[in-house]
Amino acid sequence: MAYTSVIPVRRLDRAVKYVMNKEKTTAVSLQDALDYAANRDKTEQSCFESSYACTLETAFADMRQTKEQWHKPGGVQGYHLVQSFAAGEVTPELAHQIAKELADRVLGGQYEYVIGTHLNTGHIHSHIVWNSVSCVDGKKYRSNYKSYVKEIRAVSDELCRKYKLSVIDTENSNHVAKPYAEWLAEKNGQPTWRTAIRQDVDDAIQQSLTWRQFLTALEGKGYEINLTRKYPVLRPPGKERFARFKTLGKRYTPEAIQTRILYPRTYRPYVENTPVVQHSRLRSEKKPRRKLTGLRALYYRYLYELGALPRKPRRSSYAVRQDAYKLDQRIRQMEFLSKNNIDTLEQLETHRQALQTEIRQLLTKRKQLPKTDDVQSQHESVNTALRQLRQEERLCRKIAEHSLEVQQHLTEARRDRAEQQQHEQEHERDRRPNIDLTL
């Protein structure tokens, strides 16, 4: 099992032995990276050092000369790749051989590089440092997450399989880069807009016996599917852009879906850790229960559709579930409306203007306070009050904006539900046998 990571090297002029510190592992200059890769104290044997198109002793000077030759001294100076193996799984000789094959295949003989295989830790690992400028045509090496997944990690895994070593294989091992907010939400177990797509795909698989039935079920939910592209895509209702099946995960590629349809015992529904909110949180305990109207009724229905309230529907429309990751935000907005008895946009605007008036008064008061130690506590008290008032004023503006979005999503949900019911009725009618009772 080989774990790989690539570190861009940007500084040429810092010849500090930064990475010689065992507590630090990131090279800040090309010279540092070269020194670290060729550190004899860590490699223990000179036979575990290699170079290409340069010599080990003058590698830094050779690479700098290449940059000057092609007039490209700026930008990223080089790249530092670390390939680490599981403890006890590989010999130093084999680890070094794999590193050489990896460098030759990834760099294609275009870039100078040095390799040092280190034996100083429990995990044998190799360091590959290469010049960012090609010694053949002067082109710069381009590194990004996609090239790392499709080239470096793919070649590393292929070499591990070649030499009968284990390979890291996870649900996301073939994924390309995704937006940070989406990555963070998935890391924290929060639903994203792809969560709703996975759930709809799971439902369609469960309802289908063939691939054609699966496509029909998805289209009945309002999805648009295009299988003629190089990578099949689908577009959920209300979205402008298509999403590739493969970006949903390994179990959601067309091939994996067909397998799950043929072998339904392997079906595992996609479940997110969606927080469940009790209805009692959304209404004041001191006031008698009454029928909700206006904005509170709108938000109550929306939370009901999201599954945050009791008696939730079996599966709400994608138009609602695509905002599942905003559940906590919607709950805070509903609690704010209930706390202040706000039912209309006019009441909301009146409350916001009152908050703005209080903010202006506190700002005036803060300006009049002398800047001395004995009134420091008063400054802190005013700042705390200002912070809370500004948060509430911002919440009012967000509710005014989001209430229109909530209303639109609920309208889409009702339309989708009506269309789905009509589709199911037509499908059921088509399945009924046509029996001729005439004699």
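Numbers here are sequence positions counted from 1.
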More than 12 heavy atoms of other groups within 6.0 Å of Gln388 CD: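 At most 12 heavy atoms, drawn from other residues, nucleotides or ligands, come within 6.0 Å of this atom.
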Other residues, nucleotides, ligands: >12 heavy atoms within 6.0 Å of Lys100 NZ: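 No.
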Roughly how far, to the nearest 0.5 Å, is [atom2] of [Y] from [atom1] of [X]?
X      : Y      : atom1 : atom2 : value
Leu119 : Ser126 : CG    : OG    : 9.0 Å
Gln407 : Thr411 : CD    : OG1   : 4.5 Å
Thr344 : Glu349 : OG1   : CD    : 10.5 Å
Ser381 : Lys365 : OG    : NZ    : 6.5 Å
Asp202 : Ile257 : CG    : CD1   : 8.5 Å
Thr253 : Tyr231 : OG1   : OH    : 12.5 Å

Least distance between heavy atoms, [X] atom then [Y] atom:
X      : Y      : answer
Val129 : Met63  : O-CE, 3.9 Å
Pro370 : His379 : O-NE2, 3.3 Å
Leu395 : Gln333 : CD1-CG, 3.8 Å
Leu362 : Ala385 : CD1-CB, 3.8 Å
Ala95  : Ile124 : CB-CG2, 3.7 Å
Tyr223 : Leu234 : CD2-CD1, 3.7 Å

Parallel, tilted or perpendicular for His118 and His125, by the 30°/60° rule?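 Perpendicular, since the angle between the ring planes exceeds 60°.
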Would you check if the distance from the ring center of Phe336 to the ring center of His351 is below 6.0 Å?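 That pair passes the under 6.0 Å test.
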With a 6.0 Å cut-off on the ring centroids, do Tyr79 and Tyr141 count as close?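 Close enough - the centres of the two rings lie under 6.0 Å apart.
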Below 4.5 Å, heavy atoms only, C-beta onward: do [X] and [Y] meet side chain to side chain?
X      : Y      : answer
Ile115 : Ser51  : no
Ile225 : Phe245 : yes
Ile98  : Gln83  : yes
Glu112 : Asp62  : yes
Tyr113 : Leu107 : yes
Arg296 : Ile342 : no
Leu81  : Trp130 : yes
Asp157 : Val155 : no

Just by distance, do the side chain of [X] and the backbone of [Y] share a donor-acceptor pair under 3.5 Å?
X      : Y      : value
Ser132 : Val76  : yes
Thr259 : Glu255 : yes
Arg198 : Leu248 : yes
Ser156 : Ile152 : no
Asp137 : Lys139 : yes
Thr357 : Gln353 : yes
Arg251 : Ala256 : no
Gln77  : Gly75  : yes
Ser208 : Phe214 : yes

Candidate list Arg366, Gln368, Lys367, test side chain to side chain contact (heavy atoms under 4.5 Å, CB included), partner Thr364, passing option: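 Result: among Arg366, Gln368, Lys367, Gln368 is the only option passing the side chain to side chain contact (heavy atoms under 4.5 Å, CB included) with Thr364.
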Option passing side-chain hydrogen bond (donor to acceptor under 3.5 Å, both in side chains) with Asn131 (candidates Gln110, Arg64, Lys140, Lys67):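 Filter result, single survivor: Lys67.
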For the pair Arg105 and Glu158, find out whether any cationic side-chain nitrogen is under 4.0 Å from an anionic carboxylate oxygen.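 Here Arg105 pairs with Glu158 in a salt bridge, since their nearest N and O are under 4.0 Å apart.
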Pair Asp343, Leu295 - check side-chain contact (heavy atoms from CB on, under 4.5 Å), show working. CA-CA 5 Å; Asp343 288 320; Leu295 290 175; 5.7 Å; no
Derivation and outcome, side-chain contact (heavy atoms from CB on, under 4.5 Å), residues Phe242 and Glu224: CA-CA 8 Å; Phe242 284 86; Glu224 183 179 348; 3.6 Å; yes
Intermediate values then yes/no, side chain to side chain donor-acceptor pair (under 3.5 Å), Thr66 and Lys72: CA-CA 9 Å; Thr66 298; Lys72 294 183 178 180; over 6 Å; no
Please determine whether side chain to side chain donor-acceptor pair (under 3.5 Å) holds for the pair Thr58 and Thr55, giving the CA-CA distance in whole Å, both sets of side-chain angles, and the decisive distance to 0.1 Å. CA-CA 5 Å; Thr58 62; Thr55 62; 2.4 Å; yes
Start with the C-alpha gap between Gln69 and Gln65, add the side-chain angles, then the distance that decides, and say whether side chain to side chain donor-acceptor pair (under 3.5 Å) holds. CA-CA 6 Å; Gln69 175 186 349; Gln65 182 179 357; 5.9 Å; no
Under the side-chain contact (heavy atoms from CB on, under 4.5 Å) criterion, do Asp203 and Lys221 qualify, and how do the steps go? CA-CA 10 Å; Asp203 272 354; Lys221 295 176 180 290; 3.9 Å; yes
Could you check Thr195 against Ile197 for side-chain contact (heavy atoms from CB on, under 4.5 Å), going step by step and ending with a plain yes or no? CA-CA 5 Å; Thr195 301; Ile197 299 179; over 6 Å; no
Just to verify, what does Glu393 make a salt bridge (Lys or Arg N to Asp or Glu O under 4.0 Å) with, not counting sequence neighbours?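 Expected list: Arg352, Arg397.
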Using the rule given for side chain to side chain donor-acceptor pair (under 3.5 Å), can you reason through His96 versus Ser50, listing the C-alpha separation, both sets of side-chain angles and the distance that settles it, and then say yes or no? CA-CA 9 Å; His96 195 72; Ser50 299; 2.6 Å; yes
Taking the six-membered ring of Tyr252 as reference, does the cationic atom of Arg244 (NZ for Lys, CZ for Arg) lie under 6.0 Å from its centre and within 45° of its axis?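 Not satisfied by the 6.0 Å and 45° rule.
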